[in-house]
Amino acid sequence: MSLSLIIKREFNAKVRNKSFLVMTFLSPLLMVAMGTLVAYLASVNNDEVNKVAVYDKADLLKPDFKNSERTIYTDLSDLSLDLAKQKASEGYIGLIYVPEVDSLPQLVNKVEYITNETPNLEFVGEIEDVVDKKLTNYNLKVLGFDSEKIEKAQTQSNIHLSKFTGEETFKEGSWLKIILGGASGYLIMMFVIIYGNMVMRSVIEEKTNRIIEIIISSVKPFRLMMGKIIGTSLAGILQFLIWAVIGLTLFFVLSMFGVDVGATSARPEAAEATQQAMEGLPLYVSEFFKLPLLTMFVSFIIYFIGGFFLYSSFYAAIGAAVDSETDSQQFLLPILLPLMLGVYVGFFTVISDPNGTVATVFSMIPLTSPIVMLMRIPFGVPMWQIITSMVILFATFFGVVWFASKIYRVGILMYGKKPTYKEIFKWLKY
Amino acid sequence: MDSILKVNNVVKQYGDYTALNSVSLEVPKGSIYGLLGPNGAGKTSLIRIINQITMPDSGEVLLDGKRLNPEHIAHIGYMPEERGLYKTMKVGEQALYLAQLKGLSKQEAKKQLEYWFEKLEIKGWWNKKIQELSKGMAQKIQFVVTVLHQPKLLIFDEPFSGFDPVNANLIKDEILELRDKGATVIFSTHRMESVEEMCDHIALIHKSNKLIEGKLHEVKKQYRTNTFDVGIAPYNFQQLLADISTKFKTEQADFKTLDDELKLTVTLPQGGTPRELMQYLLQHGEVTYFMEKIPSVNDIFIQTVSQR
């Protein structure tokens, strides 16, 4: 009875808050706007044509620098080197200097790229490729090979992936898994940080408002704490649902719009790219449905609840221990560290080896398991591991709640003291 | 005498610090009970135990003869010294929430709330947020929230702090009315004049121990000093002044009278009676003023606290 009252109040307090409305409806717009901006900026960057000067008196490499969409080469070999340098420093981003040599192989370490900017590594790589190709071909010729025939003899293989069940899989599918797993893990981290903070702030608010003593003369502190955590998480879930609906709607609207643009695009490559993506799409879709979707969904919910409850009881305890948000910093670090660790371990080890030792261990440790395990699940995890990890998570949760509620019970009635870890440890014995 | 609340040998320790050292109290039904003591004496610790906010380490508390249990929450109304409400919540909504937490149904809470809002003439505040109200206004809401669920035991910690004199008087009258309707009131306060004015029973806690408990006038009787304020128009001024100090302990006194007589505070010797003093005075002049000095709660408080 009183628990549901508290949950309702916490939920209403969160949802009716103006910042909740702003966050809920503005942030998807902001995300879309950001995405568009980034895409636009990237395209602006790609549209830019770089002018590069070439100084190659002996005509060794000049023919091999071919103009492309992004780079236009200009020959300045007629000028003297100093004049060419001067000219290049004014109208061009850089000068490729090919010295005169007796035989081509000597060029291997002698070509220079002179520029005042920090050289774009990709472009330097391109220059190196040109030099390498020229020198390799030359070497092959010297050794008596026909470089044209060699080129013809080269093949480009394509490995087909399948399972022992005979099911064909799709290479790009692992990207899908990474994205889905990563997104769920990341989502949980964001949720814990944003809503855990809300739980903490709400505890601090009651403490500074001094209403806390009235409330706990009516309900047990433990119930108040649980009500707060549940109410806040419901508000968070509502926000995520709204985002999901907005996101899906936007996705459909934009994809229809996007296909249209692609088809009528003046640039043939773009149209081709879209077409390719469209051809790939059914594969993605079929791959998507081959994922353990039910397991993913159910475990997302369970890890979401377990992880959020676990962390937010820490947040509640911290809120109870301090008098203002500024004092909470020293206690927040130990909470944020395992969260960060979870995400990093997830992105670095799960992707390279989803069933390796490191990934498996971290998907068992309760503070990181909600994030790491969710990232692993799309790649296929034995059921016993998932269940063990969940059992550990919830067992820890009950332990932490017991511990947090002790701190909470004492802390909410302590005013004006800046607590230390030592002090808080003493509260456990009260 | 029926008691509503019985505290038996309650001990509470915080780490090495003893907040309550085997304290026992008995609060009679229908009384206004003053719980006195300097800061840090243990009053708030005791009140928190009665409200089941904290548990005693040993000892027991009985409400209506039964050990405290969660059902009792609905029968106690508590206004803590550190007051507060949700600043951004609307007054009506907030009061309903708090009343429901005390176990009232929504309809019942609404009914009671309307009664009180009418009574205190604050009907227009229902949809206001606490942060829009003045401190005194918020205090009124706080009072309503405390009494809304018609508790039989009301506990007020420093009830008048923060009220202006008009509102303090209003609240005082409401408290007296609640008492007349059958509620028992526990006051915890430093303001001795309100104790003097309202309480019929007092207890004094000092350094975690209960030192005094009882009916106010009995406590006063116990602390009487046999001291009298005396006004006399002596037949022979010099003679009386010289003589009286040989028989009694006297001091120059200051009280208001109409004439310009000699004013003295006279303390009787061991075993002396007021009658002897009166007879002595009548022999030496015209007695215009004769009154026993009753120890104020303030005197008792200071005397007891400074003794230990």
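Here is how names work: the chains are called A, B, and so on, in the same order as the sequence lines, proteins then strands, and each is numbered from 1.
- For an aromatic pair to be called close, the ring centres must be under 6.0 Å apart, and B:Trp126 with B:Phe117 satisfies this.
- Contacts between B:Met79 and chain A at a heavy-atom distance below 4.5 Å are absent for every atom of the residue.
- When each of B:Ile73, B:Leu98, B:Val145 is scored by its heavy-atom pairs under 4.5 Å with chain A, the top score falls to B:Ile73.
- Comparing B:Ile130, B:Asn51, B:Asp57 by heavy-atom pairs within less than 4.5 Å of chain A, the highest count is held by B:Asn51.
- Defined by atom type and a distance below 3.5 Å, a donor-acceptor pair is present between the side-chain atoms of B:Asn9 and B:Ser24.
- Of the two parts of B:Gln94, only the side chain, counted from C-beta on, holds a non-hydrogen atom closer than 4.5 Å to a non-hydrogen atom of chain A.
- The CZ atom of A:Arg16 sits 7.0 Å away from the NZ atom of B:Lys90 when rounded to the nearest 0.5 Å.
- The pair A:Arg201-A:Glu205 does not count as a salt bridge, with every side-chain nitrogen at least 4.0 angstrom from each carboxylate oxygen.
- Comparing A:Asn209, A:Asn17, A:Ile216 by heavy-atom pairs within less than 4.5 Å of chain B, the highest count is held by A:Asn209.
- Side-chain N/O atoms of B:Glu93 and B:Tyr86 include no donor and acceptor closer than 3.5 Å.
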